[in-house]
Amino acid sequence: MNTSLILTLLGPDRPGLVSAVAARATAAGANWMESRMAQLAGQFAGVVRLEVDPEAASHLEAMLLALEAEGLHVTIERGRDVAAPVLHRVQLDLVGHDHPGIVQEISAVLAGHGVSIDVLETGCEPAAMSGGLLFRAHAELGVPAEIALATLQDDLEAIANALMVDLELHDAERPE
């Protein structure tokens, strides 16, 4: 059984950062399983999961940590096997005028119901009519099987009204 390595990467953005990580992974015989990467305010930020033979894991870790000399901060954690709970996969889409507290308020409702946020993508863009900023969020959620989606929807809509944002909650399997 292979070992999962979860990397967090952070450093000044420049061409070749992904290639440098991928070259080291390939050299160790690792498989690139999944990743999320972005350029944020001039900084490169990424999370990567690699799978590698257990005997090669320490060598790969050393090669990846050597990227620190090139200005890329690397943190490595080894994955662990955990039993997956039975979850209902749901997507949340939200849009509204930007202001502090939106993510905190929505995530507090989700946490109160034991909902896991598996993916969260957010961004701000100019609002067409008002001239302010429009906040958008897309989340992929794992809702425990015992939680009624209608109850979760009601609680999210109540906070959405207070935050003056629109949100949609729907099955992840729903076709577009």
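Everything numeric here is computed off the predicted structure, so don't read it as measured data.
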Reported [atom1]-to-[atom2] distance for the pair [X] and [Y], which is rounded to 0.5 angstrom:
X      : Y      : atom1 : atom2 : answer
Leu94  : Phe135 : CG    : CZ    : 6.5 Å
Asp53  : Leu60  : CG    : CG    : 11.0 Å
Met63  : Leu65  : CE    : CG    : 11.0 Å
Leu149 : His170 : CG    : NE2   : 12.0 Å
Thr151 : Ile147 : OG1   : CD1   : 8.0 Å
Glu157 : Asp166 : CD    : CG    : 10.0 Å

Heavy-atom closest pair, residues [X] and [Y]:
X     : Y      : value
Gly71 : Pro12  : O-CD, 3.5 Å
Ala57 : Leu5   : O-CD1, 4.2 Å
Gly46 : Met37  : CA-CG, 3.9 Å
Asp93 : His138 : OD1-ND1, 2.6 Å
Ala28 : Ala56  : O-CB, 3.8 Å

Quiz item: Salt bridge check: are Glu140 and Arg36 linked by an N-O gap of less than 4.0 Å?
Solution: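 Result for this pair is no, no salt bridge flagged.
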Practice problem: Among Thr3, Ile76, Leu64, find the residue that satisfies the side-chain contact (heavy atoms from CB on, under 4.5 Å) test when tested with Leu50. | Solution: Leu64
Side-chain heavy atoms of [X] within contact of [Y], under 4.5 Å:
X      : Y      : answer
Leu167 : Ile106 : yes
Asp171 : His88  : yes
Leu141 : Ile117 : yes
Leu110 : Val143 : no

Table please: side-chain donor-acceptor pairs of residues 119-127 below 3.5 Å, with sequence neighbours left out.
{"unit_1": "Glu125", "atom_1": "OE1", "unit_2": "Arg136", "atom_2": "NE", "d": "3.4"}
{"unit_1": "Glu125", "atom_1": "OE2", "unit_2": "Arg136", "atom_2": "NE", "d": "3.1"}

Spell out, yes or no, whether [X] and [Y] are grouped together once hydrophobic residues are joined by side-chain heavy atoms under 4.5 Å, including indirect joins.
X      : Y      : answer
Leu7   : Leu67  : yes
Val48  : Leu10  : no
Val47  : Val103 : no
Met33  : Val21  : no
Leu169 : Ile159 : yes

Quiz item: Who passes side-chain contact (heavy atoms from CB on, under 4.5 Å) against Gln39, sequence neighbours left out?
Solution: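 side-chain contact (heavy atoms from CB on, under 4.5 Å) check on Gln39 returns Asp13.
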Any donor-acceptor pair under 3.5 Å from [X] side chain to [Y] backbone:
X     : Y      : result
Arg89 : Ala172 : no
Glu68 : Val74  : yes
His99 : Leu163 : yes

Should we say atom [atom1] of [X] is surrounded by more than 12 heavy atoms from elsewhere, each under 6.0 Å from it?
X      : atom1 : result
Glu77  : CD    : no
His113 : NE2   : yes
Glu146 : CD    : yes

